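What follows is a set of notes on a single structure, which appears directly below.
Everything quoted here is computed from the prediction, not taken from an experiment. Just so you know, ligand 1 is whichever comes first in the structure, and atom 1 is the first atom listed for that ligand.
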Amino acid sequence: MKKVSLVIAAATCMAVLSMTAHAEFLKPEEARHYRHHGMEFIGDNFKRMGHMVKGEQPYEKEAFIKYASLLKTLAPLPFEAFYKGTEGGDAKDEVFTDPEGFNKAKDKMLVAVDKLATEAQSGDMKKIKIAFGGVGQSCKACHDNYRKDD
Ligand code: HEC
């Protein structure tokens, strides 16, 4: 019994820590800079995966696995830099007035990215294509609602 409650206490503690782990950037422009470059890095990485998926470049399984795992690492990064007080950049106001919807869109993307990393291991281009398309849709779905048009 004691052990169980200790485990629960530890788990609760970690959950609280992970919720509060995000520290704010010193200045709003530093947060905007961080998320902008994070998104660009995600975009560039996704693009080079696209070159292999579309056959514009020879498909190399090991390289593709590396890109997919990198994408998984990069994908969550920009999101610690979207919070009230950092409005602006290419982010629509809806990011800050509808954090729940924004978070849902983020979670959908993270699930899709996870799936792509799994399919990359299979080396099966048919499956990879579907998963790649799923990620692309998840980016677009969020951009349509939460990113300003260029
Ligand atoms: C949950 C919402 C969301 C998801 C999912 C998302 N983005 Fe973004 N993205 C944004 C927002 C908001 C901006 C504008 C950020 C800013 O400038 O403050 C942005 C900006 C960008 C930019 C331009 C850089 C910039 O800051 O304007 C690129 C490139 C980009 N995203 C690529 C991607 C790719 C590729 C994916 C999918 C793998 C993706 N994004 C998924 C919300 C999202």
Side-chain angles (χ1 to χ4, degrees), residues 11-150:
T12 315
C13 202
M14 275 161 70
V16 170
L17 272 179
S18 66
M19 274 192 293
T20 53
H22 121 105
E24 295 199 349
F25 287 81
L26 181 63
K27 298 176 191 160
E29 55 266 38
E30 288 178 7
R32 288 193 289 268
H33 189 271
Y34 187 89
R35 71 197 190 209
H36 175 80
H37 288 279
M39 282 289 176
E40 291 284 9
F41 210 21
I42 290 170
D44 286 349
N45 198 59
F46 192 56
K47 198 177 190 176
R48 64 177 178 170
M49 297 177 82
H51 292 321
M52 286 193 185
V53 172
K54 292 171 199 158
E56 297 160 352
Q57 220 177 342
Y59 167 64
E60 287 175 42
K61 186 177 174 188
E62 289 312 314
F64 197 84
I65 288 174
K66 191 184 110 186
Y67 299 166
S69 119
L70 196 54
L71 185 65
K72 206 172 140 173
T73 304
L74 295 170
L77 298 185
F79 296 99
E80 62 185 77
F82 290 100
Y83 50 89
K84 271 208 156 67
T86 66
E87 289 84 348
D90 291 331
K92 280 190 186 168
D93 288 345
E94 282 78 355
V95 170
F96 309 95
T97 56
D98 174 28
E100 233 173 81
F102 186 68
N103 264 322
K104 261 190 204 154
K106 174 194 75 175
D107 289 342
K108 273 195 182 156
M109 188 264 279
L110 295 181
V111 169
V113 164
D114 216 58
K115 174 108 179 133
L116 180 56
T118 305
E119 300 297 22
Q121 299 283 345
S122 78
D124 180 341
M125 190 41 80
K126 231 170 127 188
K127 289 183 180 166
I128 289 173
K129 267 190 183 151
I130 294 169
F132 183 85
V135 174
Q137 272 169 21
S138 73
C139 310
K140 187 177 181 303
C142 185
H143 291 163
D144 284 350
N145 290 321
Y146 298 101
R147 187 176 76 168
K148 289 176 195 163
D149 294 332
D150 292 328

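- More than 12 heavy atoms of other residues, nucleotides or ligands lie within 6.0 Å of NE2 in H51, so this atom counts as buried by the packing criterion.
- Side chains of R35 and V95 form no contact here, defined as non-hydrogen atoms less than 4.5 Å apart.
- Set against the non-hydrogen atoms of A105, the atoms of ligand 1 under 4.0 Å away are 1 (C), 5 (C).
- Against a heavy-atom cut-off of under 4.0 Å, Y146 is close to the following atoms of ligand 1: 12 (C).
- Polar contact with ligand 1: absent for K106 (N/O pair, distance under 3.5 Å).
- Less than 4.0 angstrom separates some heavy atom of V135 from each of these atoms of ligand 1: 38 (C).
- Residues M49 and L116 are in side-chain contact: their nearest non-hydrogen atoms beyond the backbone lie under 4.5 Å apart.
- A donor-acceptor pair is defined here as one N or O able to donate and one able to accept, closer than 3.5 Å; no such pair exists between the side chain of K115 and the backbone of V135.
- Side-chain contact between Y34 and E80: present, with at least one pair of heavy atoms (C-beta onward) separated by less than 4.5 Å.
- For atom 14 (C) of ligand 1, the nearest non-hydrogen atom from the set L74, D90, D44 comes from D90.
- Short contacts between ligand 1 and I42, defined as distances under 4.0 Å to a heavy atom of the residue, involve ligand atoms 34 (C), 35 (C), 38 (C).
- Applying the 4.0 Å criterion to heavy atoms of G43 picks out, from ligand 1, the atoms 35 (C).
- Annotation: E40 places no N or O atom under 3.5 Å from an N or O atom of ligand 1; distance criterion only.
- Angle SD(M39) to atom 8 (Fe) of ligand 1 to NE2(H143): 170° [nearest 10 degrees].
- Which parts of ligand 1 touch S138 is read off a 4.0 Å heavy-atom cut-off, strictly below it: atoms 5 (C).
- For residues 85-108, every residue pair satisfying the ring pair (Phe, Tyr, Trp, His ring centres under 6.0 Å) rule, not counting sequence neighbours, is listed here: F79-F102, F82-F102, F102-Y146.
- Checked by distance only, ligand 1 and H36 come closer than 3.5 Å through their nitrogen or oxygen atoms.
- When each atom of ligand 1 is checked for a heavy atom of R35 under 4.0 Å away, the hits are 16 (C), 18 (O).
- The distance from atom NZ of K140 to atom CD of Q137, rounded to the nearest 0.5 Å, is 9.0 Å.
- Checking side-chain atoms of E30 against main-chain N and O of P28 turns up no donor-acceptor pair under 3.5 Å.
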Anything under 3.5 Å between a donor and an acceptor, one on a side chain of residues 58-67, the other on a protein residue two or more places apart or in another chain? List them.
from	atom 1	to	atom 2	distance (Å)
K61	NZ	Q121	O	3.2

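- In this structure, G88 has a heavy atom closer than 4.0 Å to ligand 1.
- Between the side chain of T118 and the backbone N or O of D114 there is at least one donor-acceptor pair closer than 3.5 Å.
- The atoms of ligand 1 that sit less than 4.0 Å from any heavy atom of C142 are 1 (C), 2 (C), 3 (C), 4 (C), 5 (C), 42 (C), 43 (C).
- R32 places no side-chain N or O within 3.5 Å of a backbone atom of K27 that could act as its donor or acceptor partner.
- Contacts with ligand 1 closer than 4.0 Å are made by no heavy atom of K148, backbone or side chain.
- Heavy atoms of M109 found under 4.0 angstrom from ligand 1 belong exclusively to the side chain.
- Counting heavy atoms closer than 4.0 Å to ligand 1, residue F82 contributes side-chain atoms (C-beta onward) but none from N, CA, C or O.
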